[in-house]
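Here the structure is laid out as structure tokens; the discussion comes afterwards.
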Amino acid sequence: MPAIVIVGAQWGDEGKGKATDHLGSQVDYVVKFNGGNNAGHTVVIGDEKYALHLLPSGILTPGCTPVIGNGVVVDIDVLFHEIDGLEARGIDTSKLKLSANAHVIADYNRQVDKVAERFLGSRKIGTTGRGIGPTYADKMNRIGIRVQDLFDEKILTQKVEGALELKGQILTKIYNRRAPSVEQTVAELRSHAERLAPYVCDTTLLLGQALDRGEVVLLEAGQATLLDVDHGTYPFVTSSSATSGGACTGSGIPPTRIDQVIAIVKAYTTRVGEGPFPTELNDDKGEFLRKQGFEFGTTTGRPRRCGWYDTVIARYAARVNGVTDFVLTKLDVLTGLDVVPVCVAYDVDGVRHEEMPVNQTDFHHAVPVYENLPGWSEDLTGCRAFEDLPKAAQDYVEYVEARSGGRISVIGVGPEREQAIVRHPLR
Ligand code: GDP
Ligand code: IMO
Ligand code: MG
């Protein structure tokens, strides 16, 4: 039986949380495989609205086992804060499993993230300030602290000493800040160990055995294709692998067991933080999208940068992820526009590019080539079948579908669970 991957096709906040929730009842496990509490997924169920950061969106589906995979970086305070928040609202979180190999975000890495951004000034990335980048850097540098280290004080002390040899110097000598002591850090991390223990296991084994039994595993990405550390708009990216390949390394599920890759794509584009964004609108149309789409970050509350749909990016996402299905979200937000431009190519210094330019400078210089499609004024939020959509909205979907490198299987017409049009069932 299969593993299914959900990824974001743009720069995040496409509605991955809602899509995972949509599939929730048909899957047995939902695995977060990358990122940490930089993610923010809003899921609306009836009158209840949930904002999830570190927990996989499948936590909201009774019967589904939520898993935090080895590829995730975990802020344990945030983990318990989220668990407590959900439990207080009657959500059972007892089935949660956490990989013993996931890395832990220590306080010194939250500090380095924030202070490094300040020092970068105009060259800053616009990170979420959660310590994500420095924690992944430690992992690659082989000085990271893993979940399993918390249960052995001697080992933990050795590892924290090793990490602080470098991180302490960086904080004090480069950034002129006070570094936390080894004892302080060990005590803080150890204080969580007892409560954490029941959740911790070998999640790779757990998931491999589940697949052997014929159960369905959904791998849910945080962030998105253009924020991927390899395939995104580097250096304006996050520090993890948010594309479908990352689902394998971040969970221990091999590529041969994945048979479906679902990419979530918004009917327009948004981005939070710094970095190039060819179809960005710095005018009243951008303000229209931000207002209508309520485009403010779930994690940091920052206003999201807004722009038109970009088929070059969608095709790129289809290619690097091996997309089998697209879920097009927030089509309802485009209601009320006379004309809806769609980017079909870029003009880079007089040369037409149909594919993502490999060169960073070219991407910074990319000027979108638009096709202007007719808009519509009808409210779409009550539509449940493709035929319910006004003709102009149907044409919009078919136009972007023909140029995005994959079929659009589901269309979102509102934030709620049932506000979706299923053209091809995902399962
Ligand atoms: P994620 O990070 O990819 O999970 O996305 P976010 O949750 O950060 O942002 C997506 C926002 O759009 C959330 O507030 C969702 O409730 C909302 N949303 C998702 N799908 C739709 C849709 O089809 N229409 C509208 N209007 N809102 C949607
Ligand atoms: P979801 O899962 C949108 C962006 C940050 C910043 C860059 C690096 O909700 O789609 P980081 O703190 O990760 O080192 O910041 O990545 N970013 C996101 N943007 N949605 C997200 O997650 C994001 N997670 C990180 O704004 O530009
Ligand atoms: Mg989000």
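Indexing begins at 1, ligand by ligand and atom by atom, following the structure's order.
Atoms of ligand 1 found under 4.0 Å from any heavy atom of Gly412 (numbered from 1 in listed order, with element): 23 (O). Every atom of ligand 1 with a heavy atom of Thr298 under 4.0 Å away is listed here by number and element: 8 (O). Proximity to His41 (heavy-atom distance under 4.0 Å) selects the following atoms of ligand 1: 1 (P), 2 (O), 4 (O), 7 (O).
For the residue pair His231/Thr225, the side-chain donor-acceptor check at 3.5 Å is not satisfied.
Checked by atom type and distance alone, the side chain of Thr311 pairs as donor or acceptor with a backbone atom of Cys343 at under 3.5 Å. Not one N or O on the side chain of Arg271 forms a donor-acceptor pair closer than 3.5 Å with the backbone of Phe277. With Gln10 contributing its side chain and Tyr268 its backbone, the two residues share a donor-acceptor pair below 3.5 Å.
Residues Lys266 and Glu14 are not paired through a salt bridge, judged by the lack of any N-O separation under 4.0 Å between the basic side chain and the carboxylate.
Residue Gln419 has no N or O atom closer than 3.5 Å to an N or O atom of ligand 1. For the pair Gly15 and ligand 1, the shortest N or O to N or O distance falls below 3.5 Å. Geometrically, ligand 1 and Thr329 share no nitrogen or oxygen pair separated by less than 3.5 Å. Considering both main-chain and side-chain atoms, Gly17 comes within under 3.5 Å of ligand 1 through a nitrogen or oxygen pair.
Heavy atoms of Lys18 found under 4.0 angstrom from ligand 1 belong exclusively to the side chain. At a 4.0 Å heavy-atom cut-off, ligand 1 touches Asp332 through the side chain alone. With a 4.0 Å heavy-atom cut-off, ligand 1 is reached by the backbone of Val413 but not by any atom from C-beta on.
Each of Val237, Ile132, Thr238 was compared with Gln223 under the side chain to side chain contact (heavy atoms under 4.5 Å, CB included) criterion, and only Thr238 meets it. For the salt bridge (charged side-chain N to carboxylate O under 4.0 Å, His left out) with Arg305, the lone residue among Glu295, Glu287, Glu280 that qualifies is Glu280.
For the pair Ile76 and Leu196, the minimum side-chain heavy-atom distance is below 4.5 Å. The shortest side-chain heavy-atom distance between Leu334 and Tyr396 falls under the 4.5 Å cut-off. Taking the side chain as every heavy atom from C-beta outward, Val67 and Phe33 never approach each other to under 4.5 Å. The side-chain heavy atoms of Asn37 and Thr128, taken from C-beta on, include no pair separated by under 4.5 Å. Side-chain contact check for Phe386 versus Ile411: some heavy-atom pair is nearer than 4.5 Å.
Ring-centre distance between Phe296 and Phe294: below the 6.0 Å cut-off.
Contact between Gly414 and ligand 1 is present, with at least one heavy atom of the residue lying under 4.0 Å from the ligand. At least one heavy atom of Gly40 sits less than 4.0 Å from an atom of ligand 1. At least one heavy atom of Arg304 sits closer than 4.0 Å to an atom of ligand 1.
Annotation: salt bridge (Lys or Arg N to Asp or Glu O under 4.0 Å) contacts of Arg417 (sequence neighbours excluded): Asp21.
The residues lining ligand 2, counting any heavy atom closer than 4.0 Å, are Trp11, Gly12, Asp13, Lys16, Asn38, Ala39, Gly40, His41, Ile125, Gly126, Thr127, Thr128, Gly222, Gln223, Leu227, Val237, Thr238, Val272, Gly273, Arg302.
Of the protein's non-hydrogen atoms, Asp13 O, 3.7 Å is the one closest to atom 10 (C) of ligand 1. The shortest contact between atom 15 (C) of ligand 1 and any protein heavy atom is with Thr42 O, 3.9 Å. Considering only non-hydrogen protein atoms, atom 12 (O) of ligand 1 sits nearest to Lys330 NZ, 3.1 Å.
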Expected list for residues 105-112: side-chain donor-acceptor pairs under 3.5 angstrom, two or more places apart:
from, atom 1, to, atom 2, distance (Å)
Asp107, OD1, Arg110, NH2, 3.3
Asp107, OD2, Gln111, NE2, 3.3
Asn109, OD1, Lys167, NZ, 2.9
Asn109, ND2, Asp138, OD2, 3.0
Arg110, NH1, Asp75, OD2, 2.7

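Summarising the local packing, OH of Tyr234 is surrounded by 12 or fewer heavy atoms from other residues, nucleotides or ligands at distances under 6.0 Å.
Within a radius of less than 2.8 Å around the Mg ion (ligand 3), the protein N, O or S atoms are Asp13 OD1, Gly40 O.
Geometric assessment of Arg89 against the ring of Tyr50 yields a positive cation-pi assignment under the 6.0 Å and 45° thresholds.
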